[in-house]
Amino acid sequence: MRIAIDSDDAGNELKRVIVEHLRTLGFEVDDLDLTSREKVDYPDVGHNLARKVAEKKYERGILICGTGLGMAMIANKVEGIYAGVCHDVYSAERLSKSNDAQILTMGARVVGPELAKSVVSAWVHSEFAGGGSTRKVARMRELEKVERQKSSTDRPKP
Ligand code: RB5
């Protein structure tokens, strides 16, 4: 599994901890580190990573900001991307098993490094479980398409 990770300034320290943790677990992880090249905030950092996951350059992504909220919001704006904030192990497992989300977001001002490591471990070791969740996830994808079609027909003609 190829994993991309990135953070805004608020999440940089926790990101480093998580990169090391994932490598210790044997995962291939790329730190996109956008803020080291561009003066950007969480919307651009989250969008950059989510695009790469949408383009299948990575199977999964992890985004860290102060709360995890802004990163989840921007990642979910990218077509086909499902992202969720998790600060506990049970939710992190369900994020894969029930929701089939490709992106986990966390808040460095909310969780400490040890809990964050456990959250990440739970998520990377979980897969979509199918079963009753298949219909629900498929419905999310259908409704996403409906929304996209609606916004393209609502657009004013040039
Ligand atoms: C700081 O910019 C803070 O707003 C950000 O890290 C994040 O928590 C937003 O959701």
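Computed from a predicted model, the values in this text were never measured in an experiment. Whatever order the structure lists ligands and atoms in, that order sets their numbers, starting from 1.
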4.0 Å heavy-atom contact, Asp8 with ligand 1
yes
Distance from [atom] to nearest protein heavy atom, with residue and atom:
atom: atom 8 (O) of ligand 1; result: Thr67 N, 2.9 Å
atom: atom 10 (O) of ligand 1; result: Gly70 N, 2.8 Å
atom: atom 3 (C) of ligand 1; result: Arg109 NH1, 4.0 Å
atom: atom 4 (O) of ligand 1; result: Tyr42 CE2, 4.2 Å

Cation-pi check, Arg94 to Trp123: give yes when NZ or CZ is under 6.0 Å from the six-membered ring centre and within 45° of the ring axis, no otherwise.
no
Numbering as shown, the atoms of ligand 1 that approach Ala10 to under 4.0 Å (heavy-atom distance):
6 (O)
Need the ligand 1 atom indices (1-based, order shown) with element for anything under 4.0 Å from a heavy-atom of Gly66.
5 (C), 6 (O), 7 (C), 8 (O)
N/O to N/O below 3.5 Å, does that happen between Leu69 and ligand 1?
no
Shortest non-hydrogen separation from Met106 to Val119 and the atoms involved
SD-CG1, 3.8 Å
Between Gly68 and Val85, which heavy-atom pair has the shortest distance, and what is it?
O-CG2, 3.5 Å
Are the ring centres of His125 and Phe27 closer than 6.0 Å?
yes
Any side-chain heavy atom of Val137 within less than 4.5 Å of one from Phe128?
yes
Salt bridge (Lys or Arg N to Asp or Glu O under 4.0 Å), that's the test. Do Glu114 and Lys117 meet it? Break it down for me.
CA-CA 5 Å; Glu114 292 309 313; Lys117 287 197 284 188; 3.2 Å; yes
